[in-house]
Amino acid sequence: MLKHRRLRFGTISTEPELLRFITANWIANSPSNKRKVCIILDETRTEKQLARKRKYQRHKRMMRLNRLLLIASVFLLFCAIFVMRDFRQMSREPSFKLPDIEIQNLAAPDDEPDRPAADTAAYLDCINSPNAILVDLTEEKVLEKQNSSERIYPASLTKIMTAILAIENTSDFDKTLTFPSDIFEYLYLQNASQAGFQPGEEVKYKDALYGILLPSGAECCLAYADSIAGSEAAFVEMMNQKADELGMKNTHFCNTTGLHEDDHYSTVEDISLLLSYALKNDVFREVFTSSRHSIPPSNCHPDGFTFYSTMFQCMDTTEVTGGEILGGKTGYTGEAGLCLASLARVNDQEYILVTAHADGTHKTKQFHVMDALSVYSRIGSVAKN
């Protein structure tokens, strides 16, 4: 309607022009037309309001669209991140190429490179762990090693030393061991792994020994240290003395649990010497090769409880080509990475493999366990050929 009325007033295009025209001509000449003028003005304002409303609605639609595009972009970005992460992990899966093998001697000189000769089997060439050593325990020969003399943080592999010293300094494993209340606050603050015993709990020394090696119980280490040496510091002195006796030249212990300290270090070569020695002890071997242990009722656990090996919990099967994995001790801190010292029997021969500093955490793929399964299976496959 407004368009038709503008045709009557010539080239009037704005409301001020319309008002001036009406004031000067139409209303002055015919006051009765005031009501018509009001109708025209209302129509003009209504049209402008509708135009503003349509513009605002277009703006809101664009804002909604922009928000949807932003959400979609963020979603696609996260998808890309997860895909790339899985791709990197898949690219690290060990290969199972099986070349020939030649055994190397355990007493190799220190300046011997940490790699097999050109005509030997490369058991360790595609593993995830940068530090590793593979030993034929039956023949007492090193098969292969890489970065074996490089310092590492051993994390809970430390507990192998704690356990063997606990065994050698305990005369009766059926005696009662009481867990001191004052050791727990520190362990809680450090978020240390524990077997599940409580302050003041009374159990047999045998049960606490299983607690050291299977669930990696830090409270068991401290309870044994306090009972045998009077303090953890005194027990650590015993650990370092034992390391010297075993020829662990690049090892220094600061605690019984493997909790990170800068001056607490070892090498995979030294850990292999330690494990080879410890496995000669029947009590150690029995505990080390157990998958679980049940605690009888105690003053804090009237129904008892059961704990499990941290290594076997990560495995769907212990079988490898030509044999099986018999036992192992895992270790992890952020600085140490994923570590594992394991024992396997393949084709009637026993082998130990010590690996350290693999990427990952308790929540990722367990690359140290994957390495063990891969290496032991290669040994079995080579023997078949």
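Below, all heavy atoms of this structure are taken into account, side chains as well, without hydrogens, waters or symmetry copies.
No donor-acceptor contact under 3.5 angstrom links the side chains of Y224 and T256, judged on distance only. No side-chain N or O of T310 forms a donor-acceptor pair with one of S216 less than 3.5 Å apart.
For T318, the side-chain contact (heavy atoms from CB on, under 4.5 Å) test picks out F312, M315, E324, with sequence neighbours left out. In this view, E245 and K242 satisfy the salt bridge (charged side-chain N to carboxylate O under 4.0 Å, His left out) rule, not counting sequence neighbours. With sequence neighbours excluded, the residues forming a side chain to side chain donor-acceptor pair (under 3.5 Å) with T251 are S266, D270, listed by chain and number.
Relative ring orientation between F284 and F288 is described as parallel, the plane-to-plane angle staying below 30° on a 0-90° scale split at 30° and 60°. By the 30° and 60° cut-offs, the orientation of the rings of F179 relative to F197 is parallel.
Taking OH of Y332 as the start and CD of Q366 as the end, the distance is 10.0 Å to the nearest 0.5 Å. For the atom pair C300 SG and Q198 CD, the distance stands at 6.0 Å (nearest 0.5 Å).
Residues C126 and R378 are in side-chain contact: their nearest non-hydrogen atoms beyond the backbone lie under 4.5 Å apart.
Only one option out of D371, T355, D359 pairs with N128 in a side chain to side chain donor-acceptor pair (under 3.5 Å); it is D371.
Residues L326 and L213 are members of one and the same hydrophobic cluster, defined by side-chain heavy-atom contacts under 4.5 angstrom among Ile, Leu, Val, Met, Phe, Trp and Tyr.
Residues near Y308 contribute nothing to a hydrophobic cluster around it, because no ILVMFWY side-chain heavy atom sits closer than 4.5 Å to its side chain.
Every pair passing salt bridge (Lys or Arg N to Asp or Glu O under 4.0 Å) that includes a residue from residues 275-301 is listed here, sequence neighbours excluded: R285-E350.
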Which atom pairs, donor and acceptor, lie under 3.5 Å between side-chain atoms of residues 65-79 and protein residues at least two apart or in another chain?
| from | atom 1 | to | atom 2 | distance (Å) |
| --- | --- | --- | --- | --- |
| N66 | ND2 | M62 | O | 3.3 |
| S73 | OG | L69 | O | 2.8 |

